[in-house]
Peer 1: 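Questions regarding the structure given below will be posed in turn.
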Protein chains: 2
Amino acid sequence: MNKKKSNYSEYALFHLAVDSIIFGFDEGELKLLIHKRKFEPFMGDWSLFGGFLKEEESLSDAANRILFELTGLQKIYMEELQTYGDIERDPAGRVLSVAYYALIPAHRYSEDYSKQYGATWVSLKELPDLIMDHNDMVKSALRRLRRRTASQPIGFELLPREFTIPQLQSLYEAIYQTELDKRNFRKKILSMGVLVKLEEKDMSGSRKGAFLYRFDKRKYERLIEKGYNFTI
Amino acid sequence: MNKKKSNYSEYALFHLAVDSIIFGFDEGELKLLIHKRKFEPFMGDWSLFGGFLKEEESLSDAANRILFELTGLQKIYMEELQTYGDIERDPAGRVLSVAYYALIPAHRYSEDYSKQYGATWVSLKELPDLIMDHNDMVKSALRRLRRRTASQPIGFELLPREFTIPQLQSLYEAIYQTELDKRNFRKKILSMGVLVKLEEKDMSGSRKGAFLYRFDKRKYERLIEKGYNFTI
DNA sequence: TCAAAAGTGTTGTTGATACACCCATGA
DNA sequence: TCATGGGTGTATCAACAACACTTTTGA
């Protein structure tokens, strides 16, 4: 113990996995991207997207790499959730798993992709049994998503760059599982001054059409600097 | 890859550490418990309390064990913060560290303990340089503590079981680095109905003395069930 | 008797909620 | 012309912020 530099060889070694809870928003519902596991144990069972940390990469690099390898997605909002470290969580060996949750604009994830990568969107309300502790991870991610969305504008990550106010409201309603008054919602979200109204309308949702807006990240960041607190 | 059960032997192995950011509250200030590291590398430098995960223990068990071994403290509020996984964070080898933050009532940590374990309380305002990424961990823990304290009654973990309203207020002022109006603070905290007023007074802080209160966890939990949201 | 901290109410302002009708358009 | 979702304003209520004086007691 008195060497100038220790290589810690007396301490135990562990496998480290990264699992991602991938949220999307489509058809007015909050969804999760899952797939059928491709290796043992639990091959063929429903699972989150995960993989193992490599020697030469940082944890966050691993999270991004694994998301990319399994879904083809890049530059995605991700946040670390928690590390799962129970001894018996994986019957095939001691593996700790760092859970990340990711928000992707569902429109960016086409059918083609989905087939190519064997990925499936499932509604959170009809979530099947997932392997190991993955259902716990989802629960925890959902709690975190709710807390975060209430105080930071990460909801926009789930929408296309241009979106309508009714779309945004429906997203918040899906996240919180509650109905919101559209007048009050519009008033509040617009009063923050972080949305830019465009000239165009989105005609897909109604006869009348709804104006498109864009989230102004710069304005938002200026507000944050001044101590503004984004809340719904 | 087609074995019925894999032992993942093809994947890399890592050392896993746990580091704890230990907050205390004393003399109207938020403090951190640190010590001088006892092994290389960085022996003798200021460090958080940390240790290595063992083969036969879960991550949360490790966090509690390490806190106990290094400080003698048990049954302490702890929450996982984040896992630090940069490649070069420890020059002596690839080690990932799971950071936990802990809240201890400083009065429970006597001078004797402090000497026995070589631990020192330092004010957050005069925090020295800590080893590796430990200063980042502290920053992150402080952010988390502020968010948490605003929405959950974890502040009480930093006070003795019986405390006065002015003490509680001074705790919140220390956490948020701001001054609060004592009439408004008292009104708000009492209106939640989770404090029980005792007959006794604490005479140590003033001539007049201040009534002691106790946090009623059961009442609080009943409120939470009903969807109540604790906020300062 | 004085210094020092504890304790107490009211008012104005702001933000949250509740609520109902007209508008634009494609079919 | 009608069915559908988009868009708008006001009134009430609750929560928050600002603010100054009296009380108790040990020294």
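Reminder, nothing fancy here: chain letters follow the sequence lines and each chain counts from 1. Heavy atoms only: backbone and side chains are in, while hydrogens, waters and symmetry mates are out.
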Peer 1: Only one of A:Tyr117, A:Trp46, A:Phe49 forms a ring pair (Phe, Tyr, Trp, His ring centres under 6.0 Å) with A:His35, so which one is it?
Peer 2: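 Filter result, single survivor: A:Phe49.
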
Peer 1: Working to the nearest 0.5 angstrom, can you tell me the gap between B:Leu130 CG and B:Arg37 CZ?
Peer 2: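 Nearest 0.5 Å value for the CG-CZ distance: 12.0 Å.
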
Peer 1: Quick one: do B:Lys31 and B:Asp26 satisfy salt bridge (charged side-chain N to carboxylate O under 4.0 Å, His left out)? Show the steps, please.
Peer 2: CA-CA 7 Å; B:Lys31 308 210 163 172; B:Asp26 199 19; 5.0 Å; no

Peer 1: With the threshold set at under 4.0 Å for non-hydrogen atoms, list the residues of residues 188-213 of chain B touching DNA chain C in residue-number order.
Peer 2: B:Gly205, B:Ser206, B:Arg207, B:Lys208, B:Gly209, B:Ala210, B:Phe211

Peer 1: Salt bridge between A:Arg89 and A:Asp133, side-chain N to carboxylate O under 4.0 Å?
Peer 2: yes

Peer 1: Determine whether A:Ile131 and A:Leu48 satisfy the following criterion, side chain to side chain contact (heavy atoms under 4.5 Å, CB included), listing intermediate values before the conclusion.
Peer 2: CA-CA 8 Å; A:Ile131 61 165; A:Leu48 296 173; over 6 Å; no

Peer 1: If only side-chain N and O atoms count, and only distance matters, is there a donor-acceptor pair under 3.5 Å linking B:Thr83 with A:Thr83?
Peer 2: yes

Peer 1: First contact, last contact: which nucleotides of DNA chain D are these for chain A, 5' to 3', heavy-atom distance under 4.0 Å?
Peer 2: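 Nucleotide range with atoms under 4.0 Å of chain A: D:dA3 to D:dT10.
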
Peer 1: Listing request: all salt bridge (Lys or Arg N to Asp or Glu O under 4.0 Å) pairs with a residue in residues 151-168 of chain B, at least two apart in sequence or in separate chains.
Peer 2: B:Glu162-B:Arg214

Peer 1: Which ring-ring contact (aromatic ring centres under 6.0 Å, His included) pairs, counting each pair once, include a residue from residues 126-162 of chain A, with sequence neighbours left out?
Peer 2: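 Qualifying pairs: A:Phe156-A:Phe163, A:Phe156-A:Phe215.
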
Peer 1: Can you find a side-chain donor-acceptor pair between B:Asp202 and B:Thr164 that sits under 3.5 Å?
Peer 2: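 Short answer, no.
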
Peer 1: May I ask you to decide if the ring planes of B:Tyr220 and B:Phe230 are parallel, tilted or perpendicular, using 30° and 60° as cut-offs?
Peer 2: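 Plane angle over 60°, so perpendicular.
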
Peer 1: Which heavy-atom pair separates B:Ser123 from B:Glu29 by the least distance, and what is that distance?
Peer 2: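 Heavy atoms only, the tightest pair is OG-OE2, 2.9 Å.
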
Peer 1: Where along residues 158-184 of chain B does a heavy atom fall under 4.0 Å from DNA chain C?
Peer 2: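 By residue number: B:Pro166, B:Lys182, B:Arg183.
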
Peer 1: What range of DNA chain C does chain B touch, first nucleotide to last, counting atoms under 4.0 Å from its heavy atoms?
Peer 2: C:dA3 to C:dT10

